[in-house]
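Naming convention: chains lettered A, B, ... in sequence-line order (proteins, then strands); numbering from 1 in each chain. Given the structure is predicted, the values throughout are model-derived calculations rather than measurements.
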Amino acid sequence: MQSKHDDTKIDNRFNRETAEGIDIFLVPAGIGPRSLAFVLDLLIRGAIMAAAGMALGAMGKFGSGLMFIVYFVVDWFYPVIFEVFKGATPGKSAFKLRVVYDSGLPITLPGSIIRNLFRTIDFLPFGYVLGTISMVSSAQCKRVGDWVAGSLVVYTDKQKDVNESTSLIHKPISLKLNEDEQVAIIAFLERSKQLSKSRKKELAKHLCDALDCSEDKVVEHVAALASNLVGKA
Amino acid sequence: MKQNDFIKLKQPEWDAFEAALKQHASKEEMDEDFPARFRQLSHDFAVAKSRCYSPPVIEKLNVLLLMGQRQLYVTKVRPFSALKTFFATTLPSHLREMRAYIIWAHFVFYGLAVLSYGLVVYQPELIYHVISSQQVASIEWMYDPTSEHYGKERPSDGDFEMFGYYILNNISIAFQCFVGGVLIGFGALYFLLFNAIYLSAIAGHIVNINYSSTFFSFVITHGAFELTAIVLSAAAGFVVGKHLLMPGSLSRAESLRLGGKRSYPILFLAFLMLVVAAFLEAFWSSSRFIPNEIKYGVGGICWLFVLSFIFWGHNTFKRVKHAN
């Protein structure tokens with residue numbers, strides 16, 4: 001089940017095998033967005049309590065009894081309710097996170113209850129110190145509750161457009177590349193819209209000699225090579 | 001096949017899959033081709049990866065698969081049937097599995113409670129080592145049979161206030177007992193021992209000052225649920241601690257996960273019992289009009305019921321199942 005963490009990787013995504021026999025990948029969320037999500041949830045919880053306090057405060061002792069119960073439910077079950085029915089608390093949704101099992105499947109009631117009960121342990125000795133240590137020292141950024149429940153917080157899937165890029169140069173280029181190199185060249189083409197001109201040149205100029213062209217033209221040449229590889233030239 | 005030709009060929013299928021995803025999410029009923037589309041998409045994904053197509057293409061397919069997987073394999077939340085299965089099979093089997101831990105937790109809790117009770121009865125001033133004199137005074141005031149507040153019935157909205165308070169307070173204690181198990185069992189042990197010493201010292205002190213009639217008639221009924229729930233949560237906590245300390249042939253993380261899974265039903269039972277206890281404590285135990293004899297009778301029955309359910313409940317369920 002557990003995929004080995006590869007130290008040579010440049011990102012923290014990891015593979016999970018599905019029932020269909022393919023490896024899909026998940027990207028665990030780091031401590032930054034999770035802390036921000038927690039703070040947002042804390043504010044929302046505070047708002048709920050304040051609203052309940054105002055509504056129930058006028059009802060005397062019956063109201064204050066209800067208030068205790070509301071406090072109990074919000075304190076222990078606010079994350080559980082949202083995670084089971086929505087996949088994430090409002091705070092997590094705002095930061096595009098969701099809670100899943102290690103398998104990548106949505107969290108269910110037992111898992112959610114366990115991972116949220118163990119907040120008490122993560123909180124020790126104060127202010128989530130233990131949880132923070134556990135998160136920064138595990139590759140998948142798990143706090144103690146996540147270890148016990150077998151759960152993960154991952155980024156929700158961002159839809160990316162598959163853009164078809166074109167090149168101005170229509171000159172057949174023959175260059176023997178292995179698979180990884182091909183992927184890198186194509187990725188360069190697809191990312192080129194997000195990169196500045198000088199950065200593109202900086203990245204591409206390593207190929208000047210291989211492509212036999214000047215530094216001014218190298219970006220277009222690499223783009224042409226990539227177009228060639230994806231079937232455009 | 002080059003990447004662009006592949007995209008051109010498959011794009012309509014991917015779009016159809018995405019449309020089916022959205023429709024499914026909004027209408028709760030699955031397109032009958034959805035599983036087939038999902039398998040086709042899995043295949044496309046594998047092909048794209050093996051042919052080293054560019055990262056955006058693979059990422060797009062990965063996202064579609066994740067969303068599809070979420071809808072295809074999601075477990076529907078059916079609270080009532082889940083609750084039925086829980087009481088009919090899950091809980092009895094786990095109670096049986098955890099029996100040794102539950103028995104030990106009982107021994108630890110009541111053993112220490114008897115010891116601390118005896119000490120306080122023998123040496124009355126020991127109570128001040130456990131509880132501050134202020135608290136002792138307020139407890140004495142609460143259970144004073146001659147005091148004025150004692151004759152009056154609390155209005156029912158006051159009962160409800162106490163119900164809310166007991167839920168908040170007692171259930172938090174039990175949850176602490178459970179998660180304390182992660183500190184290699186010491187946390188659970190600490191909360192268990194603390195409660196044993198604290199509660200029995202109070203009981204001993206009450207006997208010393210001759211307030212037993214008001215105190216024991218108050219605690220006997222809900223105590224059956226509350227004390228047992230505390231013991232149960234500590235037992236569940238021990239299970240988690242043991243899995244952490246002695247993972248056996250499993251990895252520690254996997255063992256911890258298993259420990260959480262094994263002890264979770266016991267904790268849920270403790271939770272339900274504490275809600276019952278809070279209800280009884282607020283509305284029944286505190287009532288002044290119910291004679292003490294009835295309170296002792298009902299309390300005794302509750303103790304019998306709770307303990308027989310914990311230790312022999314699984315047998316009863318087995319018989320019921322066979323009878324059906």
Side-chain angles (χ1 to χ4, degrees), chain A residues 1-2 18-26 59-62 64-72 75-76 84-85 87 100 104-106 108-110 113-114 117-121 124 142 144 147-150 157-164 179-180 182-183 186-187 189-190 229-232, chain B residues 1-7 11 38-39 42-43 45-46 49 52-57 59-60 62-67 69-70 73-75 77 82 155 157-165 167-168 171-172 175-176 178-180 182-183 187 240 251 253-254 256-257 259-261 264 267-268:
Chain A
M1 281 291 287
Q2 206 99 60
T18 71
E20 286 75 22
I22 50 166
D23 277 349
I24 53 173
F25 53 81
L26 298 163
M59 291 165 71
K61 284 193 168 170
F62 183 79
S64 70
L66 268 184
M67 192 66 200
F68 283 127
I69 296 174
V70 169
Y71 182 77
F72 170 76
D75 201 30
W76 289 100
V84 171
F85 289 101
V100 294
L105 293 176
T108 55
L109 191 63
I113 287 185
I114 289 176
L117 272 186
F118 275 85
R119 280 180 191 283
T120 322
I121 286 293
L124 291 175
K142 287 177 164 211
V144 177
W147 285 113
V148 181
D157 346 293
K158 271 172 274 173
Q159 279 267 33
K160 271 199 183 160
D161 283 332
V162 188
N163 53 340
E164 300 185 6
E179 285 172 353
D180 285 344
Q182 286 184 23
V183 172
I186 298 168
L189 175 69
E190 277 162 346
L229 288 172
V230 296
K232 260 284 178 57
Chain B
M1 193 187 284
K2 299 272 180 158
Q3 175 172 319
N4 279 341
D5 299 332
F6 182 74
I7 295 174
Q11 189 77 54
F38 185 76
R39 284 193 293 276
S42 299
H43 181 246
F45 180 68
K49 263 168 88 176
C52 290
Y53 288 152
S54 72
V57 177
E59 236 159 84
K60 184 199 165 77
N62 189 61
V63 166
L64 285 179
L65 282 171
L66 277 174
M67 297 202 297
Q69 196 194 27
R70 199 173 300 145
Y73 295 114
V74 74
T75 2
V77 186
D157 61 342
D159 282 351
F160 195 80
E161 181 182 21
M162 291 318 286
F163 174 55
Y165 175 75
I167 282 199
L168 178 65
I171 297 179
S172 300
F175 283 179
Q176 280 168 351
F178 173 67
V179 291
V182 168
L183 306 174
V240 176
S251 78
E254 186 65 18
L256 191 60
R257 205 181 57 71
K261 214 173 169 185
Y264 153 80
L267 185 73
F268 190 67

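- Counting heavy-atom pairs under 4.5 Å between each of G87(A), G104(A), P110(A), A187(A) and chain B puts P110(A) at the top.
- Here I24(A) contributes atom CD1 and Q69(B) contributes atom CD; the two are 4.0 Å apart, rounded to the nearest 0.5 Å.
- The side chain to side chain contact (heavy atoms under 4.5 Å, CB included) test with F25(A) singles out one residue from N62(B), L66(B), L65(B), and that residue is N62(B).
- With values rounded to the nearest 0.5 angstrom, F38(B) atom CZ is found 4.5 Å from E20(A) atom CD.
- Of all the heavy atoms in G260(B) and I114(A), the pair that sits closest is O-CD1, 3.4 Å.
- Around NZ of K49(B), the count of heavy atoms belonging to other residues, nucleotides or ligands within 6.0 Å exceeds 12.
- Here Y264(B) contributes atom OH and L109(A) contributes atom CG; the two are 4.5 Å apart, rounded to the nearest 0.5 Å.
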